[in-house]
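Numbering of residues begins at 1 and proceeds along the displayed sequence. Every heavy atom of this structure was used, including side-chain atoms; hydrogens, water molecules and symmetry mates were not.
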Amino acid sequence: MKILGITRQNCFSPNHIGNDAAIFNLTVAELRKKGCIVDIVSEEEFCKQEYDHKVIFNMVRSSEAIDRLIEMEKRGALVINSGNGIINCTREKMTRLLIENNVPHPRSVIVDTDDEIFEGLDKDIFRLCWIKRGDFHAIHREDVSFVSSSREGASILREYKLRGINRAVINEHLAGDLVKFYGVLGEDFFFHF
């Protein structure tokens, strides 16, 4: 089986360039052990050339690359991570989907960055919180910020506004360990395609 693997631009891996590259490279190694031919291209290359692969796995984040993935899905390619799935994981959209579908999630509000939002928030819920850019995934360390005072929160929102970020998600802080994981459907998934 011939598969196209598309790497992520470094600008979309703030503080995790090595981690993201390791995930990608380990995936390539496992696919090759299974006998797959994996052609690797960068996100930038993917946007400039045409590809006819029927199976694509990727870590893209740019709007242009996401649009191309959606195009290829419409033409019948199996795309992992789906372009629409990537869009659904942007902070505001993901938060709305989780809340609307009653998925357990920290209490959250979605705000315009020019709102004086901290004055009206329940001080109990948002005494300690996280402010995250709403329009996209994190690009800079400051795109996900822990806040411990309303003054600090207002400052973060002003900084977002100056950077052209118009929407933010505010999540209550939940004390405890953060566990991230990547799901895999099954060992034989590709061989049933």
Side-chain angles (χ1 to χ4, degrees), residues 6-27 43 57-63 65-66 69-70 80-185:
I6 310 167
T7 62
R8 180 176 293 169
Q9 289 182 49
N10 286 346
C11 68
F12 296 121
S13 293
N15 309 309
H16 292 285
I17 292 170
N19 294 341
D20 288 345
I23 290 166
F24 185 88
N25 292 333
L26 287 168
T27 302
E43 192 166 345
F57 82 95
N58 71 89
M59 295 183 74
V60 307
R61 289 292 182 265
S62 72
S63 296
I66 292 168
L69 288 175
I70 292 170
I80 308 162
N81 299 307
S82 157
N84 289 308
I86 296 167
I87 291 169
N88 284 341
C89 287
T90 57
R91 298 284 182 202
E92 181 175 352
K93 189 147 189 164
M94 179 179 65
T95 300
R96 286 188 192 284
L97 288 168
L98 291 170
I99 291 169
E100 289 168 7
N101 291 284
N102 299 313
V103 175
H105 187 264
R107 288 180 281 185
S108 304
V109 293
I110 299 167
V111 300
D112 291 329
T113 55
D114 55 2
D115 286 349
E116 294 295 324
I117 189 68
F118 276 89
E119 298 309 313
L121 287 177
D122 179 338
K123 300 294 184 208
D124 217 24
I125 298 171
F126 295 100
R127 186 171 39 85
L128 299 176
C129 63
W130 292 88
I131 299 180
K132 304 170 183 178
R133 71 182 298 157
D135 61 342
F136 204 66
H137 309 274
I139 299 174
H140 299 285
R141 181 184 299 257
E142 297 81 12
D143 289 349
V144 176
S145 299
F146 179 72
V147 173
S148 58
S149 72
S150 59
R151 172 185 248 175
E152 191 178 6
S155 174
I156 296 287
L157 290 176
R158 280 193 299 276
E159 189 263 339
Y160 280 14
K161 186 68 175 176
L162 290 171
R163 288 177 43 213
I165 301 168
N166 297 317
R167 305 277 287 162
V169 173
I170 303 174
N171 301 125
E172 75 173 309
H173 173 69
L174 300 176
D177 294 328
L178 173 65
V179 178
K180 292 186 175 185
F181 67 92
Y182 290 86
V184 177
L185 182 61

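- For the pair Arg91 and Val144, the minimum side-chain heavy-atom distance is below 4.5 Å.
- No donor-acceptor pair closer than 3.5 Å links the side chain of Ser155 to the backbone N or O of Arg151.
- With rounding to the nearest 0.5 angstrom, the CG atom of Leu69 is 5.0 Å from the CD1 atom of Ile6.
- At least one donor-acceptor pair under 3.5 Å links the side chain of Arg8 to the backbone N or O of Met59.
- Aromatic ring pairs are classed by plane angle as parallel below 30°, tilted from 30° to 60° and perpendicular above 60°; the pair His173 and Trp130 is tilted.
- The side-chain hydrogen bond (donor to acceptor under 3.5 Å, both in side chains) search around Asn84 returns none, not counting sequence neighbours.
- If you take CD1 on Ile86 and CG on Asn88, they are separated by 10.5 Å, rounding to the nearest 0.5 Å.
- Put simply, the side chain of Ile156 does not reach to within 4.5 Å of the side chain of Glu142, judged on heavy atoms.
- Under the salt bridge (Lys or Arg N to Asp or Glu O under 4.0 Å) criterion, Asp135 pairs with Arg133, not counting sequence neighbours.
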**Message:** Show, in sequence, the C-alpha distance, side-chain angles and deciding distance for Ile165 and Asp143, and conclude whether the side chain to side chain contact (heavy atoms under 4.5 Å, CB included) test is met.
**Reply:** CA-CA 10 Å; Ile165 301 168; Asp143 289 349; 4.1 Å; yes

**Prompt:** side-chain hydrogen bond (donor to acceptor under 3.5 Å, both in side chains) between Asn171 and Ser108: does it pass, once the steps are laid out?
**Reply:** CA-CA 4 Å; Asn171 301 125; Ser108 304; 2.5 Å; yes

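- Remark: the backbone N or O of Ile110 is not paired with any side-chain donor or acceptor of Glu92 at under 3.5 angstrom.
- In this structure, the separation between CG on Leu128 and CG on Leu174 is 10.5 Å, given to the nearest 0.5 Å.
- With hydrogens and angles disregarded, a donor-acceptor distance shorter than 3.5 Å links the side chain of Asn58 to the backbone of Asn81.
- With salt bridges taken as basic N to acidic carboxylate O contacts below 4.0 Å, one links Arg167 and Asp112.
- Taking CD1 of Ile170 as the start and CZ of Arg107 as the end, the distance is 14.0 Å to the nearest 0.5 Å.
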